[in-house]
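Here's the structure, in structure tokens; my notes come after.
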Amino acid sequence: MHIMTGKDAAGGGLRERKKRATRAALAEAAVRLAAEHGADQVTVEAISAAAGVSVRTFFNYFDSRDDAFVVVDADASERVRQAFLAAPPELPPLEALREALAAELREAERQHELWSLHARVLRSDPHLLVRNLGAQMADESGLAEAIARRIRAGDDPDDDAVASGGGAADPEAVPHRDQPDTAGARPGSHSGTAPPEGDADRAAPGLYPRLLAAVAGTAVRVSVQHWCERPDELSFADVFREVFDLLAAGLPAPAR
């Protein structure tokens with residue numbers, strides 16, 4: 001799952017909202033310039049100028065120019081994971097994940113043009129498309145670990161206070177692997193008290209967490225694509241809700 005968020009994504013204090021706004025402004029500038037001139041013709045200096053910030057500020061948010069085109073937003077993925085882990089324990093995993101994603105995508109209606117441009121930029125540059133796919137896979141892996149953790153916490157309520165909904169989410173409470181450079185993603189950070197590699201928290205997620213994480217990413221992508229093709233027919237929220245309703249129902253064949 002790879003989410004393009006906007007300047008007004010919900011949550012966080014003033015400083016955090018300003019950081020998200022700056023990142024979003026840089027990503028939007030990069031996408032618009034690439035759509036107009038081609039990604040190869042766009043420089044970090046041009047992106048920074050279009051966003052009204054310095055080149056130094058650009059590199060506070062992205063490791064490379066290509067990262068801005070791919071719209072890597074590790075913060076968005078982390079917010080989804082934390083919201084998922086903090087959801088009421090009685091919610092089934094699919095429903096908890098739907099609510100976490102819906103909260104992050106609530107401003108999607110205003111992202112139609114940008115999402116369309118972003119898709120066009122990726123389609124026109126195989127290198128960026130591969131980087132975007134790598135970033136999606138890294139996000140999917142982190143989400144699968146969060147799903148596995150929530151399931152373990154449900155089996156053993158004392159295993160994890162955050163996953164059981166008993167307290168505020170700790171940003172460093174969800175262990176996740178460093179994202180590879182080839183994915184265009186910024187490395188994740190590990191808590192200084194992270195469990196050792198042999199610990200259960202570091203075990204590879206099972207089949208269900210992997211499948212649910214992959215299904216969620218596909219559901220977001222299909223929702224965006226379907227809505228972008230017919231924005232005047234339905235709201236994005238309606239499309240997103242229908243996609244998850246179909247998944248929850250077991251994907252029954254549509255009535256003839």
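- Within the 4.5 Å cutoff, the side chain of Arg131 has heavy atoms near those of the Asp67 side chain.
- Taking the salt bridge (charged side-chain N to carboxylate O under 4.0 Å, His left out) definition, one finds that Glu233 meets it with Arg230, sequence neighbours left out.
- A search for side chain to side chain contact (heavy atoms under 4.5 Å, CB included) contacts involving Leu211 returns Val215, not counting sequence neighbours.
- Salt bridge annotation for Arg81-Glu104: absent, with no cationic side-chain nitrogen under 4.0 angstrom from a carboxylate oxygen.
- A cation-pi geometry, defined here as NZ or CZ lying under 6.0 Å from the six-membered ring centre and within 45° of its normal, does not hold between Arg106 and Phe236.
- For residues 35-51, there are no salt bridge (charged side-chain N to carboxylate O under 4.0 Å, His left out) pairs, not counting sequence neighbours.
- Residues Arg23 and Phe62 meet the side-chain proximity criterion, which asks for heavy atoms closer than 4.5 Å.
- With sequence neighbours excluded, the residues satisfying side chain to side chain contact (heavy atoms under 4.5 Å, CB included) with Glu95 are Leu91, Pro92, Arg98.
- For the pair His118/Asn132, a side-chain contact is recorded, criterion being any heavy-atom separation below 4.5 Å from C-beta on.
- Among residues two or more places apart in sequence or in another chain, the ring-ring contact (aromatic ring centres under 6.0 Å, His included) test is passed with His112 by Trp227.
- Considering only residues two or more places apart in sequence or on other chains, Ala102 meets the side chain to side chain contact (heavy atoms under 4.5 Å, CB included) condition with Phe240.
- Formation of a donor-acceptor pair under 3.5 Å by the Arg65 side chain with backbone atoms of Val42 is found in this model.
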